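Data block below; observations after.
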Amino acid sequence: IVFAERGVLSVEAALMHWVVPPQRCLWVPPRVAHRVRCVGEVHMRTVYLCPDRAGEIGGGTRVLEVSPLLRELVL
């Protein structure tokens with residue numbers, strides 16, 4: 001999970017491009033090559049999951065809403 005507590009991230013993965021503001025995060029499944037660029041001053045956090053558990057989130061790379069609970073868990 002790629003998350004910017006402050007600032008904006010530009011992420012390239014799986015031939016796609018996302019702009020990720022602090023209200024969102026990006027789920028990047030295991031073994032997916034990706035590149036993260038910071039736009040301005042950024043306070044970034046990442047969460048790494050065991051590949052065996054990543055399947056529980058499912059799907060490919062996608063944007064997720066950052067709820068107050070998820071925000072606090074990541075921070």
Side-chain angles (χ1 to χ4, degrees):
I1 296 175
V2 181
F3 170 67
E5 174 187 3
R6 182 183 319 164
V8 176
L9 299 173
S10 173
V11 183
E12 295 175 30
L15 302 176
M16 298 289 291
H17 179 253
W18 293 267
V19 175
V20 186
Q23 303 83 3
R24 308 277 189 277
C25 64
L26 188 68
W27 164 246
V28 181
R31 298 180 222 15
V32 171
H34 58 285
R35 178 179 13 192
V36 179
R37 293 185 182 173
C38 299
V39 179
E41 182 180 340
V42 173
H43 293 205
M44 181 178 145
R45 303 283 191 268
T46 55
V47 176
Y48 297 91
L49 302 177
C50 175
D52 296 341
R53 303 301 302 260
E56 295 176 20
I57 294 177
T61 305
R62 66 178 187 274
V63 174
L64 302 172
E65 183 79 26
V66 176
S67 68
L69 176 59
L70 178 57
R71 177 182 169 79
E72 292 305 313
L73 288 170
V74 170
L75 296 178

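Not measured: the values here are computed from a predicted model.
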Restricting to non-hydrogen atoms, name the atom on [X] and the atom on [Y] that form the minimum distance, rounded to 0.1 Å.
X	Y	result
Val28	His34	CG1-ND1, 3.6 Å
Met44	Thr46	CE-CG2, 3.4 Å
Arg71	Phe3	NH1-CZ, 3.6 Å
Gly60	Trp27	O-CD1, 3.4 Å

Close side-chain approach of Val74 to Cys25, heavy-atom, < 4.5 Å: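 Val74 does not reach Cys25 side chain to side chain.
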pair Val20-Val2: side-chain heavy atoms closer than 4.5 Å: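 In short, these two side chains do not touch, never coming nearer than 4.5 Å.
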Can you name the residues that form a salt bridge (Lys or Arg N to Asp or Glu O under 4.0 Å) with [X], not counting sequence neighbours?
X	answer
Arg31	none
Arg45	Glu5
Glu72	none

Connected via hydrophobic side-chain network under 4.5 Å: Trp18 and Ile1: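 Trp18 does not cluster with Ile1.
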Hydrophobic cluster of Leu73, others only, ordered by chain and residue number, side-chain cut-off 4.5 Å: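 For the cluster that includes Leu73, the remaining residues are Leu69.
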Contacts of Pro22 that satisfy side-chain contact (heavy atoms from CB on, under 4.5 Å) - sequence neighbours left out: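 For Pro22 there are no side-chain contact (heavy atoms from CB on, under 4.5 Å) partners, ignoring immediate neighbours.
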Would you tabulate the side-chain donor-acceptor contacts of residues 7-16 under 3.5 Å, counting partners in other chains and residues two or more places apart, or write 'none'?
{"unit_1": "Ser10", "atom_1": "OG", "unit_2": "His17", "atom_2": "NE2", "d": "2.6"}
{"unit_1": "Glu12", "atom_1": "OE1", "unit_2": "Arg35", "atom_2": "NH2", "d": "3.4"}

